[in-house]
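Read the structure below first, then the notes.
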Amino acid sequence: MAQHPTLDGVKQIDESKQGAVFFPESEAQKATTDTAATKRFYIESYGCQMNFSDSEIVASILADIGYSATRNMEESDLILINTCSIREKAEDTVRRRLRIFDKVKARRPGTLVGVLGCMAERLKAKFLEQEKLVDLVIGPDAYRDLPNLVQNASDGDRGINVLLSREETYADISPLRLDSNGVTAFISIMRGCDNMCSFCVVPFTRGRERSRNAFSIVAEASDLFAKGYREVTLLGQNVDSYRWTNPETEEDVSFAQLLEMVALVNPDLRIRFSTSHPKDITDEVLITMSRYENICKYIHLPVQSGNSRVLQLMNRTYDREWYKERVAAIYRIIPDCAISSDIITGFCTETEEEHQDTLSMIEFVQYSMSYMFFYSERPGTLAARKYNDDVPLEVKKRRLQEVVNLQNQISKEHNQADIGKTFKVLIEGNSKKSDQQFKGRNSQNKMIVFPKREGLKAGDYTEVKVLDATSATLIGELA
Ligand code: 5AD
Ligand code: SF4
């Protein structure tokens with residue numbers, strides 16, 4: 001079976017947020033005053049940003065049937081866990097959490113427990129039959145069925161719906177912003193994935209790719225701006241393949257066009273997006289980014305490996321030369337753009353020379369940061385069926401450590417090159433360490449910490465001069 005694909009301490013997607021409990025008491029209550037909420041739900045989320053964004057859709061659906069959110073599972077009527085399958089560790093954590101929820105159930109009979117998200121599809125039978133720990137199992141495309149399934153479960157029937165859909169985008173559901181800083185928010189623009197990278201479980205857990213109505217995306221962005229938000233991140237597994245056909249005009253909206261539509265909502269609304277696929281990112285997208293100051297100059301462009309043979313085995317459908325050409329195009333069209341990556345070490349049959357190609361790619365691109373993993377076989381994927389997972393674990397880990405060391409050094413140099421520069425920063429709130437300091441990001445997605453000044457608040461833009469830098473953060477002062 002798969003090992004946890006990351007080393008302890010290595011940065012990985014949303015690691016700081018894993019298991020985050022949402023506590024939108026004020027928002028949830030606002031949203032449910034009309035329906036006189038009598039019931040409460042508690043939700044924990046794991047995995048990628050898309051999964052966290054899905055939890056906000058779930059919260060909105062539950063608010064409509066009179067549930068409000070609580071951060072205290074002991075007082076909840078419905079305990080939900082939104083799960084991830086990409087790493088075995090995430091799956092193990094979910095199993096441990098279910099045993100804790102079971103104790104709550106024992107103390108408060110009638111409390112319902114539900115498993116949502118990517119593990120639901122993979123392990124539906126196991127959850128309901130063998131483990132007997134859960135009342136509801138609901139896959140990522142079936143959240144509209146929650147009210148039904150909750151009702152059935154209250155009547156004593158276990159509820160399950162893990163059907164994947166070709167159409168569902170939840171376009172009309174206004175997400176209930178959970179655990180929000182009131183400044184930055186995510187907007188899902190598409191669901192699923194058609195790429196079939198051979199290492200990846202996502203196409204099996206989240207189904208076919210489909211794009212959301214462009215006007216509903218723009219409306220959501222406008223609504224967020226009106227509520228005081230100043231940054232939206234457009235989310236999809238492969239945003240560059242966004243394509244929505246307007247049913248009235250039959251006209252297609254591409255990702256570049258969507259970016260422009262959202263950028264025009266207001267010049268003070270910053271736009272970010274994730275994730276870009278190297279095979280699909282077009283010059284049109286890069287030119288659109290260069291034209292609008294409020295489209296952030298930052299691209300997450302996962303390379304996975306720097307070697308063409310390994311990339312082919314991974315079914316990434318680009319090679320080393322193609323990737324380098326796309327990077328050159330980014331720096332040509334947007335000279336101040338920062339690029340980040342996802343990297344996997346020790347994929348099936350990877351040799352030392354091929355691993356060296358990954359290291360030299362990191363040098364070539366000069367990533368501002370990367371999420372780094374060692375390969376871990378996932379059941380049902382193309383690689384699990386076709387290839388031999390033959391690189392020993394110690395070798396995978398040693399190669400990962402080499403990648404991490406190099407990336408840390410390059411991140412530090414990248415940040416140190418900013419010393420003396422002044423950036424426009426969107427203030428997100430107090431820094432982690434001190435309420436005398438603000439934290440915020442520049443366009444390149446770098447976190448900057450700086451002393452406060454009277455009159456400035458979260459959601460304001462300000463100019464900050466960089467005085468010092470570590471591999472993770474810039475330290476500055478108001479310019
Ligand atoms: N093993 C290791 N890393 C993986 N990723 C996805 N599947 C696997 C796997 N089986 C990494 C990829 C992807 C990121 C979200 O997780 O780098 O881009
Ligand atoms: Fe995890 Fe992938 Fe599902 Fe996101 S889409 S929750 S990363 S398995």
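This structure is a prediction, so every number in the text was calculated from the model and none was measured. We count ligands from 1, going down the list as the structure has it; atoms in each ligand are counted the same way.
In this structure the side chain of Tyr143 reaches within 4.5 angstrom of the side chain of Asn82, judged on heavy atoms. Looking only at side-chain heavy atoms (C-beta outward), Arg320 and Met361 come within less than 4.5 Å of each other.
Looking at Arg378 next to ligand 1, no N or O pair under 3.5 Å apart turns up. Remark: ligand 1 and Ile344 share no N or O pair separated by less than 3.5 Å (distance only, no angle test). For Tyr375, no nitrogen or oxygen atom sits less than 3.5 Å from a nitrogen or oxygen atom of ligand 1, counting backbone and side chain alike. Checking only distances, Ser376 does come within under 3.5 Å of ligand 1, N or O to N or O.
The ring of His300 has its center closer than 6.0 angstrom to the ring center of Tyr371. Less than 6.0 angstrom separates the ring centroid of Phe255 from the ring centroid of Phe273.
Between Tyr298 and Ser368, the shortest heavy-atom distance links the atoms CE1-OG, 4.2 Å. Between Val310 and Glu354, the shortest heavy-atom distance links the atoms CG2-OE1, 3.7 Å.
The shell of residues lying under 4.0 angstrom from ligand 1, judged by heavy atoms, excludes Tyr371.
At a heavy-atom cutoff of 4.0 Å, ligand 1 is contacted by no atom of Thr275, backbone or side chain. With a 4.0 Å cut-off on non-hydrogen atoms, Phe373 touches ligand 1 through its side chain and not its backbone. Only the side chain of Gln304 comes within 4.0 Å of ligand 1, judged by heavy-atom distances.
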